[in-house]
Amino acid sequence: MSSSEMELQLPPHEGVELSVVDMHTGGEPLRIVVAGYPEVRGDSVLSKRRYAREHLDHLRKVLMFEPRGHYDMYGALIVDSETPEADLGVLFMHNEGYSTMCGHAVIALGRFAVDYKLVKEPRSPETQVNIHCPCGLVKAFVEYSAGKTGAVRFLSVPAFAFATDVTVTVEGFGEVTVDISYGGAFYAFVDAERFGLDVKQSRTRVLVDAATAVTRAVKSQVKLHHPVSDDLAFLYGTILTDGRDQFSPEPTANICVFAEAQVDRSPTGSGVTARVALQYHKGLIQLNQTRTFQSGATGSQFTGKAVEETRCGDFRAVVVEVAGRAFYTGVSRFVQEPQDELTHGFLLK
């Protein structure tokens, strides 16, 4: 039998089959779970996030970790939303646990929702997809023409600068001044030049080490809070920038290191949101000034702009529009064989 005549079917196996659609946005992977997960219990997306963390974490490891995934894999689990206007709810997962927001995933999920008929009546030139993330409702707008989806833009939850010019003591580097901003998740921002590094030229391992040291310092020395929920009040990671925060038509580059030293291949959607909010807070950009943000890792680009002033509790905030493109890479059906001692997943650090 030739390879062209072979019928692809699952091998003999026991237990649950996990079906996924794989995509990437700016090089950053997204593994969307479409079948195989048990019910995720909870009366809200945030409570479902807690339930998944406490009761279903073994499945996150099966899909994110080797041998089916890798250290920097990223995932999305579609869940029901308690919000009537939402087309879908989603939980985000990575090598450490569960995020509250992910912009690159929202861009990919926008296309996915239209293509896989989660939105019943697509419209041209754009189809709106309301995605309920743990941080809140995010509205995505998907280019749609002649039955095909294209670029996606989304409007963020209220984003704000939490604190600027905060001095922390970073192991190996001494005192470092950071800004902390929220774009659905909290990030620390530092100019890479402070460490003698370049986000586009320096070795990734060296950038990761510097960013991870900053994250550890901020987590131990700065107490975060969020007006909506304590579940949102944690530092997701550190973004090293090229220092070009003043508005310019030229791209500005950054690299995001999040979760357990995981490197974002894209410019980072929630990171762009937080960075735009920070630049707006400092008076470096105005409303509706579009900036291009480039990934130091891959060179891929998103655009971002502050489109509306708002508030989040006591914080002056902005709604940020982020735009980019996502692409499909394939579909998979994963199984677990009971004799496989590594079937539950592992990571090499």
Flag the pair K282 and D179 as a salt bridge only when some basic side-chain nitrogen lies within less than 4.0 angstrom of an acidic carboxylate oxygen. yes
For atom CD of E175, decide whether the heavy atoms of other residues, nucleotides or ligands shown that lie under 6.0 angstrom number more than 12. no
Trace of the side-chain hydrogen bond (donor to acceptor under 3.5 Å, both in side chains) decision for D22 with T329: CA-CA 5 Å; D22 281 337; T329 56; 4.8 Å; no
Say you draw a straight line from CG of L18 to OG of S332; how long is it, rounded to the nearest 0.5 Å? 11.0 Å
Please tell me if the side chains of F195 and V190 come closer than 4.5 Å, counting only heavy atoms from C-beta onward. yes
Taking T100 for its side chain and G184 for its backbone only, find out whether a donor-acceptor pair lies under 3.5 Å. yes
Is the closest side-chain donor-acceptor distance between R68 and T343 under 3.5 Å? yes
Is it the case that over 12 heavy atoms from other parts of the model lie below 6.0 angstrom from the CG atom of D230? no
Tell me if the aromatic rings of Y182 and H226 count as close, with their centers under 6.0 Å from one another. yes
Compare all side-chain heavy atoms of V276 with those of L278 and state whether any distance is below 4.5 angstrom. no
We want to know whether D245 and Q279 form a side-chain donor-acceptor pair, criterion being a heavy-atom distance below 3.5 angstrom. yes
Please report, to 0.1 Å, the donor-acceptor pairs under 3.5 Å made by any side chain of residues 117-124, with sequence neighbours excluded.
| residue | atom | partner | partner atom | Å |
| --- | --- | --- | --- | --- |
| S124 | OG | Y144 | O | 2.8 |

Could you walk me through whether H281 and F160 pass side-chain contact (heavy atoms from CB on, under 4.5 Å), step by step? CA-CA 8 Å; H281 174 81; F160 55 87; over 6 Å; no
Separation between CD1 of I180 and CZ of F189, rounded to the nearest 0.5 Å: 10.5 Å
Assigning hydrophobic clusters by single linkage (Ile, Leu, Val, Met, Phe, Trp, Tyr; side-chain heavy-atom cutoff under 4.5 Å), is L91 placed with L59? yes
Taking the inter-plane angle between the rings of Y236 and H94 on a 0 to 90° scale, is it parallel (under 30°), tilted (30 to 60°) or perpendicular (over 60°)? tilted
Within residues 186-203 or reaching into it, pairs that qualify as side chain to side chain donor-acceptor pair (under 3.5 Å) - sequence neighbours excluded: Y187-S270
Heavy-atom donor-acceptor pair, D242 side chain to T252 backbone, under 3.5 Å: no
Return the orientation label for the Y74 and F92 ring planes: parallel under 30°, perpendicular over 60°, tilted otherwise. tilted
Nearest non-hydrogen partners of V106 and C133, listed with the distance: CG2-SG, 4.0 Å
What I want to check is whether the side chains of D264 and Q262 have a donor and an acceptor closer together than 3.5 Å. no
Would you kindly check if the NZ (Lys) or CZ (Arg) of R153 is within the cone defined by 45 degrees around the ring axis of F141 and under 6.0 Å from the six-membered ring centre? yes
Quick check: does any side chain N or O of N130 sit under 3.5 Å from a backbone N or O of K139, one acting as donor and the other as acceptor? no
Taking all non-hydrogen atoms of both residues into account, name the closest pair between R265 and S295 and its distance. O-OG, 2.7 Å
Are H104 and T25 close enough that a side-chain donor and a side-chain acceptor fall under 3.5 Å? no
Hydrophobic cluster membership, L88 vs L155, 4.5 Å side-chain cutoff: no
Identify the heavy atoms of R291 and E250 that sit nearest to each other, and give their distance. NH2-O, 4.0 Å
Compute whether any side-chain donor of one residue and acceptor of the other, for T215 and T212, lie under 3.5 angstrom apart. no
Is the shortest heavy-atom distance from the side chain of L10 to the side chain of V335 under 4.5 Å? yes
Of all residues at least two apart in sequence or in a different chain, which pass the side-chain contact (heavy atoms from CB on, under 4.5 Å) check with R41? E39, Y51
Rounded distance [0.5 Å steps], CD1 in I255 versus CG in L207: 5.0 Å
First locate atom OG1 of T83, then atom NE2 of H132, and finally report the distance between them rounded to the nearest 0.5 Å. 4.0 Å
Tell me which one of V138, V157, T273 satisfies side chain to side chain contact (heavy atoms under 4.5 Å, CB included) with M101. V138
Side-chain heavy atoms under 4.5 angstrom apart, residues restricted to Ile, Leu, Val, Met, Phe, Trp, Tyr: same cluster for M73 and I32? no
Show me the donor-acceptor pairs within less than 3.5 Å that the side chains of residues 303-310 make with the rest of the protein, sequence neighbours left out.
| residue | atom | partner | partner atom | Å |
| --- | --- | --- | --- | --- |
| E309 | OE2 | Y280 | OH | 2.4 |

Residue pair V33 / L63, side-chain heavy-atom distance below 4.5 Å: yes
Where does the angle between the aromatic ring planes of F315 and F162 fall among parallel (under 30°), tilted (30 to 60°) and perpendicular (over 60°)? tilted
Between T204 and V263, is the side-chain contact (heavy atoms from CB on, under 4.5 Å) condition met? List the steps. CA-CA 9 Å; T204 302; V263 182; 4.2 Å; yes
Which pair of heavy atoms, one from A323 and one from I107, lies closest together, and at what distance? C-CD1, 4.2 Å
For T149 and R111, test the side chains for any donor-to-acceptor distance below 3.5 angstrom and give the result as yes or no. yes
Counterpart residues, side-chain contact (heavy atoms from CB on, under 4.5 Å), relative to D314 (two or more places apart): none
Assigning hydrophobic clusters by single linkage (Ile, Leu, Val, Met, Phe, Trp, Tyr; side-chain heavy-atom cutoff under 4.5 Å), is Y328 placed with I131? yes
Atom pair CG/OG of L232 and S99 - distance to nearest 0.5 Å: 10.0 Å
So which atom in A317 and which in P158 form the shortest heavy-atom distance, rounded to 0.1 Å? CB-CB, 4.0 Å
Nearest 0.5 angstrom please: R50 CZ to R53 CZ, how far? 7.5 Å
Should we say atom CD of E17 is surrounded by more than 12 heavy atoms from elsewhere, each under 6.0 Å from it? yes
Minimum heavy-atom distance between E66 and H70, given as atom pair plus value: CG-CA, 4.0 Å
Test your reading of the model: is there a side-chain donor-acceptor pair from S181 to the backbone of A274, 3.5 Å cut-off? yes
Could you work out, with ring-ring contact (aromatic ring centres under 6.0 Å, His included) as the rule, every residue matching H24, not counting sequence neighbours? F327
I78 with Y37, same ILVMFWY side-chain cluster at under 4.5 Å: no
